[in-house]
Amino acid sequence: MRYDLVIFDNDGVLVDSEPISNRLLAAYLTELGHPTSYEESLRDYMGAAMHRVHDLVEERTGQKLPADFDDVFHARVFAAFERDLEPVAGAVGLLEKLAADGVPYCVASSGSHERIRVGHRKTGLDRWFDDGRVFSSQDVGRGKPAPDLFLYAAERMGVAPQRCVVVEDSPLGVRAANAAGMDVYGFTAMTPAERLAGATQLFGDLDELADLLV
């Protein structure tokens with residue numbers, strides 16, 4: 001292995017949640033009087049912590065989102081996850097291989113701990129992620145593109161940043177990994193390659209990733 005730790009983003013990399021959550025986010029913002037398309041939600045919010053939604057809406061409109069916005073949105077997302085969420089194709093095989101080969105890995109997500117856990121339980125990925133391998137932007141305060149979350153995960157896992165590789169599918173995540181001084185592999189399944197131009201390497205299928213990490 002050329003790395004001592006693989007840090008996975010969660011949404012869109014391990015669990016196929018981005019289409020679900022961004023459709024719901026676009027619909028909810030539109031319902032509240034902030035017209036947003038699915039494509040605009042992906043462009044502006046994919047890979048971001050919830051505070052970015054609040055910040056951008058207020059910056060653009062001068063209006064604050066309702067105090068219960070996060071609670072209502074997450075209730076809708078979790079209900080949809082229970083119905084529809086699946087692991088990203090290739091995620092199960094990749095995690096099986098990393099575990100079998102003894103490769104250290106963890107997840108570092110802009111989502112809340114509750115969101116990560118709900119998604120992992122529904123998809124069966126929880127068997128590979130005990131509490132010591134799960135890190136959320138809740139743990140650090142500032143989400144991506146700040147490097148704080150990735151640096152925190154590396155510190156907790158006992159690995160120097162330059163020995164880590166991040167697996168990301170969002171421009172915000174790529175920027176965060178770059179700022180943390182880590183290599184980053186950009187997953188182009190949902191994101192055009194040009195939007196991940198800062199990545200160390202690009203790939204389009206999780207089945208390719210194990211060989212790329214060697």
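- Here the side chain of Ser110 pairs no donor or acceptor atom with the backbone of Ser137 at under 3.5 angstrom.
- Inter-residue side-chain proximity for Phe8 and Leu95 is flagged as met; some heavy-atom pair is nearer than 4.5 Å.
- Side-chain atoms of Ser136 come within 3.5 Å of backbone atoms of Gly111 as a donor-acceptor pair (strictly under, hydrogens ignored).
- Counting only heavy atoms from C-beta outward, the side chains of Ile7 and Met157 never approach each other to under 4.5 Å.
- Atom CD of Glu96 and atom CG of Asp101 lie 11.5 Å apart (nearest 0.5 Å).
- Considering CD of Glu18 and OG of Ser170, their distance stands at 7.5 Å, rounded to 0.5 Å.
- To the nearest 0.5 Å, atom CE of residue Met50 and atom CG of residue Leu65 are 8.0 Å apart.
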Derivation and outcome, side chain to side chain contact (heavy atoms under 4.5 Å, CB included), residues Glu59 and Asp55: CA-CA 6 Å; Glu59 179 184 308; Asp55 293 346; 5.7 Å; no
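- For the pair Cys164 and Ala154, the tightest heavy-atom approach, listed with the atom from each and the gap, is SG-CB, 3.8 Å.
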Pair Thr200-Val184, side chain to side chain contact (heavy atoms under 4.5 Å, CB included): steps then yes or no: CA-CA 5 Å; Thr200 310; Val184 54; 4.1 Å; yes
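- The existence of a salt bridge linking Arg60 and Asp44 is confirmed by a sub-4.0 Å separation between a basic side-chain nitrogen and an acidic carboxylate oxygen.
- Linking Ile, Leu, Val, Met, Phe, Trp and Tyr whenever their side-chain heavy atoms come within less than 4.5 Å puts Leu5 and Phe135 in one cluster.
- The aromatic rings of Phe69 and His54 stand perpendicular to each other, their planes meeting at an angle above 60°, with 30° marking the opposite boundary.
- The closest side-chain heavy-atom distance from Pro161 to Leu151 is below 4.5 Å.
- Closest heavy-atom contact between Ser41 and Leu25: OG-CD2, 3.5 Å.
- A cation-pi contact, defined as under 6.0 Å to the ring centre and within 45° of the axis, links Arg76 to Tyr28.
- A single hydrophobic cluster is not seen to contain both Met182 and Leu209; linkage of ILVMFWY side chains at heavy-atom distances under 4.5 Å, directly or through other members, places them apart.
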Residues Phe81, Val15; criterion side chain to side chain contact (heavy atoms under 4.5 Å, CB included); working and verdict: CA-CA 10 Å; Phe81 280 5; Val15 297; 5.9 Å; no
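- By the 6.0 Å contact criterion, CZ on Arg43 is enclosed, its count of non-hydrogen atoms from other residues, nucleotides or ligands being greater than 12.
- Leu196 places none of its side-chain heavy atoms less than 4.5 Å from the side chain of Phe187.
- The nearest pair of heavy atoms linking Ala48 to Leu172 is CB-CD1, 3.5 Å.
- Tyr38 and Val57 fall into different hydrophobic clusters, where Ile, Leu, Val, Met, Phe, Trp and Tyr side chains are chained together by heavy-atom contacts under 4.5 Å.
- Taking a cutoff of 4.0 Å between a charged side-chain nitrogen and a carboxylate oxygen, Asp9 and Lys144 qualify as a salt bridge.
- Taking the six-membered ring where the residue is Trp, Phe78 and His74 present parallel rings, their angle staying beneath 30° rather than reaching 60°.
- Summarising the geometry of Pro147 relative to Ala180, their closest heavy-atom pair is CB-N, 3.6 Å, with the distance given to 0.1 Å.
- With 3.5 Å as the limit, one finds no donor-acceptor pair spanning the side chains of Asp131 and His113.
- The hydrophobic cluster containing Val92 also contains Ile116, counting ILVMFWY residues as joined when their side-chain heavy atoms lie under 4.5 angstrom apart, directly or transitively.
- Contact annotation: the side chain of Leu42 approaches that of Met190 to within less than 4.5 Å [non-hydrogen atoms, C-beta and beyond].
- Side-chain contact between Tyr3 and Val159 is absent, with no heavy-atom pair separated by less than 4.5 Å.
- With hydrogens and angles disregarded, no donor-acceptor distance shorter than 3.5 Å links the side chain of Thr36 to the backbone of Thr30.
- In summary, the side chains of Arg115 and Ser21 do present a donor paired with an acceptor at a separation below 3.5 Å, with no hydrogens or angles considered.
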Stepwise side chain to side chain contact (heavy atoms under 4.5 Å, CB included) test for Phe150 and Glu168: CA-CA 11 Å; Phe150 291 144; Glu168 264 287 354; 3.5 Å; yes
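- Looking only at distances, no side-chain donor or acceptor of Asp211 sits under 3.5 Å from a matching main-chain atom of Glu208.
- Note: Thr123 OG1 to Asn10 CG = 8.0 Å, rounded to the nearest 0.5 Å.
- Atom CG of Leu202 sits about 6.5 Å away from atom OG1 of Thr188, to the nearest 0.5 Å.
- A distance below 6.0 Å separates the ring centres of Tyr105 and Phe129.
- Considering every non-hydrogen atom in both Leu85 and Lys122, the closest pair reads O-NZ, 3.2 Å.
- Connection of Val134 to Leu94 is established within a shared hydrophobic cluster, with ILVMFWY side chains joined at heavy-atom distances below 4.5 Å, either directly or through further cluster members.
- Interatomic distance, Tyr45 OH to Leu29 CG, rounded to the nearest 0.5 Å: 5.5 Å.
- When only modelled atom types and interatomic distance are considered, Ser17 and Asp11 share a side-chain donor-acceptor pair under 3.5 Å.
- Across all their heavy atoms, Thr191 and Pro171 have their closest contact at CG2-CD, 4.3 Å.
- Looking at heavy atoms from C-beta onward, Arg2 lies out of side-chain contact with Val165 at the 4.5 angstrom threshold.
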